Amino acid sequence: MTDSAPLPPSPLPPELVGALFEMDLPQRYLDDLAAAPDEAGEILLNAAQGLGPTNPRTARDLLETLREFAPNPDHRQYATHMLAASLRAEGRVDEADHLIEGLMRPGVLGRATAVVLADEFAREGDLDKALYCYNVACRAILAQPAQIISQLDPYGLLPLVGRAVARERLGLAPDAHDRAALAADGAPSSLETALDRADDAVPGRGPVVHAAFARDALPEARNLGLLSDDADTDAHHHGVERSLRAESAEHTGALMATVLTTPEELGAFAGARGLDAADGDALRLWAGTLSPESGRLAPWPPGRNHPCWCGSGRKYKKCCGSPAVR
């Protein structure tokens, strides 16, 4: 950090301020900190993501600092998750797994990070870990009568549906919350019915579903030529977000949805159909094969204070839903 750069003002912990003082952070992040110190965690997580492709050393130092000194426990866990993804992309799988195992110790994992990890484990087929994370994410709802589930919005319903699907795939008998979640998922307010309405709103077309690569799959997608090498960490998801906004404006009344995938899944789909996985149409065609019954489609846009659809674990309004994404 240069001598002329302003220090982030209180109420930031002095340990965090001291660590930031030792880093060479770009001025734009310092300006954001000075303007909104109460949002320091979000700003610094964004900084780590933005710096990752061009300055990985500083990005990693920043994540380590946030893991130790971020005032908000969720931000500390987000930083741990991001650091694990960075290590895994470098082939340092044992170190990455050690960080995630630390998060999953009893009593440690928070709800927001549990949602992100649950979906990742479910995609990887590790259903035992996925169910553990879904249970953490749904803990507050599971402590209440199952009838309350009918009052949830579609986005709040997703972890409960994920839990029900994971339990079913593990051969567990459905409990009252499973039955209520699956029933609510098929109710008139569910994503399935909403997408049916979207189908009606866009004559001749199916549900408006946009696909993107999961965050932990971005390095592999770049290596395989499925993404531009010079795209920063957020560019892919921000591009999908802009496409969603444009199509939503063009087709007023059509409900949109998102889905995350991996290069392996897309490659298998493309190979079976003689398509080039690097062709943007392959991703679009793959998304078009998914039905609401798959349990993978997420309504778009999420609520402003709900986790972003891209899997960053941050609030939508602070991530892809930010006005800065234009």
Side-chain angles (χ1 to χ4, degrees), residues 13 16 40-42 44-46 48-49 60 62-89 92-144 148-149 152 155-170 172 175 177-178 181 214-217 260 295-296 298 302-303 305-316 318-319:
L16 177 60
E42 303 284 358
L44 294 173
L45 287 168
N46 282 335
Q49 286 188 332
R60 183 165 299 166
L62 184 52
L63 291 173
E64 291 282 12
T65 297
L66 287 170
R67 287 186 65 220
E68 188 169 0
F69 300 123
N72 187 319
D74 283 342
H75 294 156
R76 294 198 292 270
Q77 294 198 3
Y78 293 156
T80 300
H81 176 259
M82 291 170 60
L83 184 58
S86 175
L87 291 170
R88 189 167 284 110
R92 298 163 65 179
V93 176
D94 289 343
E95 295 174 67
D97 288 345
H98 179 72
L99 290 178
I100 299 302
E101 288 167 4
L103 285 179
M104 294 184 64
R105 291 198 308 271
V108 174
L109 188 60
R111 180 188 182 279
T113 311
V115 172
V116 177
L117 289 178
D119 289 342
E120 289 183 0
F121 286 131
R123 281 200 306 272
E124 295 166 1
D126 194 335
L127 296 178
D128 288 318
K129 289 183 179 178
L131 180 56
Y132 173 82
C133 294
Y134 280 129
N135 282 334
V136 172
C138 301
R139 182 181 295 143
I141 297 296
L142 296 176
Q144 301 183 58
I148 196 175
I149 291 175
L152 298 178
Y155 202 86
L157 189 63
L158 286 175
L160 285 157
V161 173
R163 175 182 181 270
V165 171
R167 284 171 53 82
E168 180 181 11
R169 292 174 64 189
L170 284 167
L172 300 174
D175 60 19
H177 289 81
D178 293 340
R215 282 185 170 269
D216 56 0
L260 298 178
R296 296 184 60 180
N305 289 311
H306 285 134
C308 187
W309 63 266
C310 74
S312 67
R314 291 174 289 151
K315 293 179 181 179
Y316 177 63
K318 297 292 186 181
C319 195

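Bear in mind that the values here come from a model prediction, so they are computed numbers and not experimental data. All residue numbers refer to positions in the sequence shown, counting from 1. Every heavy atom of this structure was used, including side-chain atoms; hydrogens, water molecules and symmetry mates were not.
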CZ/Phe69 to CG/Leu44 distance, rounded to the nearest 0.5 angstrom? 13.0 Å
Note: Ala79 and Leu63 closest approach over all heavy atoms is CB-O, 3.7 Å
Considering residues at least two apart in sequence or located in another chain, which fulfil the salt bridge (charged side-chain N to carboxylate O under 4.0 Å, His left out) criterion with Lys318? Glu39
In the structure I gave you, are the side-chain heavy atoms of Asp97 and Arg88 within less than 4.5 Å of one another anywhere? yes
Are Asp178 and Leu172 side-chain neighbours, meaning at least one heavy-atom pair lies under 4.5 Å? no
Can you find a heavy atom in the side chain of Arg60 that is under 4.5 Å from one in the side chain of Leu87? yes
Pairwise distance OH(Tyr134) to CG(Leu117) - rounded to 0.5 angstrom: 10.5 Å
So, using side-chain hydrogen bond (donor to acceptor under 3.5 Å, both in side chains) as the criterion, who are the partners of Arg67 when residues are at least two apart? Glu64, Thr80
Any donor-acceptor pair under 3.5 Å linking the side chain of His177 with the backbone of Ala143? no
Distance check, rounded to the nearest 0.5 Å: Asp126 atom CG versus Leu131 atom CG? 10.5 Å
For a 4.5 angstrom cut-off between non-hydrogen side-chain atoms, does Leu66 reach His75? no
Counterpart residues, side-chain hydrogen bond (donor to acceptor under 3.5 Å, both in side chains), relative to Asp175 (two or more places apart): Arg163
Under 3.5 Å, which donor-acceptor pairs do the side chains of residues 106-116 form with other protein atoms, sequence neighbours left out?
unit_1	atom_1	unit_2	atom_2	d
Arg111	NE	Ala137	O	3.0
Thr113	OG1	Gln77	OE1	3.4

dist Arg215:CZ -> Glu120:CD (nearest 0.5 Å) comes out at 10.5 Å
Smallest separation among heavy atoms of Tyr132 and Arg105, with atom names: OH-O, 3.8 Å
For Arg169, check salt bridge (charged side-chain N to carboxylate O under 4.0 Å, His left out) against everything at least two apart and list the hits. none
Does Glu95 have any salt bridge (charged side-chain N to carboxylate O under 4.0 Å, His left out) partners at least two apart in sequence or in another chain, and if so, which? Arg92
Roughly how far apart are Leu45 CG and His81 NE2, rounded to 0.5 Å? 12.0 Å
Would you check if Pro13 and Pro71 make a side-chain contact, meaning some heavy-atom pair closer than 4.5 Å? yes
CG-CG distance between Leu127 and Leu170, expressed to the nearest 0.5 angstrom: 4.5 Å
